[in-house]
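Notes follow the structure.
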Amino acid sequence: MKSIVEERAVELAEYMIGSGATVRKAAKKFGISKSTVHKDVSERLKYIDPQLHKQVKDVLETNKAQRHIRGGLATRKKYQQAHEAVELAKRQFTG
């Protein structure tokens, strides 16, 4: 019989593999910390289901390789929104 922690680790891995979710997204969906997600899928899962561990490890590596791109897009969006807010304020002020 699997413990709750083992079941959670398998559920997290299946979710991350199926959706390509990041640790952050999985943590938010399951209502647990990023540290717990990471420990479950990178350490505990290795002993529970080695094959599933390998699959989720591939997802983690892909997400790690893409994080600089996501960070750049987030920064771009932030400054774009700030620029739009300034432009809106100018239009309202000049009326």
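The basis for the numbers below is simple: all heavy atoms, side chains too, and nothing from hydrogens, waters or symmetry mates.
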Item to complete: Mind running side chain to side chain contact (heavy atoms under 4.5 Å, CB included) on Lys39 and Arg44 for me, showing each step along the way?
Response: CA-CA 7 Å; Lys39 186 165 185 106; Arg44 293 185 177 119; 3.7 Å; yes
Fill in: Verdict with reasoning, Asp40 to Val10, per side chain to side chain contact (heavy atoms under 4.5 Å, CB included)
CA-CA 8 Å; Asp40 280 356; Val10 170; over 6 Å; no
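The backbone N or O of Tyr47 lies less than 3.5 Å from no partner atom in the side chain of His53, so there is not a single donor-acceptor pair.
Take Asp49 and apply the side-chain contact (heavy atoms from CB on, under 4.5 Å) test, not counting sequence neighbours, and it matches Leu45, Gln51, Leu52. In terms of the side-chain hydrogen bond (donor to acceptor under 3.5 Å, both in side chains) criterion, Gln55 has no residue partners (sequence neighbours excluded). For Ser33, the side-chain hydrogen bond (donor to acceptor under 3.5 Å, both in side chains) partners are Thr36, not counting sequence neighbours. Residues passing the salt bridge (charged side-chain N to carboxylate O under 4.0 Å, His left out) test with Lys34, sequence neighbours excluded: none. Residues passing the side-chain contact (heavy atoms from CB on, under 4.5 Å) test with Ser19 are Tyr15, Ala21, sequence neighbours excluded.
In this structure, the separation between NE2 on His38 and CD1 on Ile32 is 12.5 Å, given to the nearest 0.5 Å. Of the inter-residue distances, the one linking Asn63 atom CG with Arg24 atom CZ reads 12.0 Å to the nearest 0.5 angstrom. Taking CD of Glu87 as the start and NZ of Lys90 as the end, the distance is 4.5 Å to the nearest 0.5 Å. In this structure, the separation between CD1 on Ile69 and CD on Gln66 is 6.0 Å, given to the nearest 0.5 Å.
Considering only heavy atoms from C-beta on, Glu11 comes within 4.5 Å of Phe30 through its side chain. Side-chain contact between Val37 and Met16 is present, with heavy atoms from C-beta onward closer than 4.5 Å.
Within the hydrophobic cluster formed by Ile, Leu, Val, Met, Phe, Trp and Tyr side chains joined at under 4.5 Å, directly or through other members, Leu88 stands alone, with no partner residue.
Counted within 6.0 Å of CZ on Arg70, heavy atoms from surrounding residues, nucleotides or ligands total more than 12; the atom is thus considered enclosed. Within a 6.0 Å radius of CG in Leu73, more than 12 heavy atoms belonging to other residues, nucleotides or ligands are found.
Transitive grouping of hydrophobic side chains (ILVMFWY, heavy atoms separated by less than 4.5 Å) keeps Leu12 and Val5 in distinct clusters.
With respect to the salt-bridge test (charged N to carboxylate O, under 4.0 angstrom), the residues Lys64 and Glu61 do not qualify.
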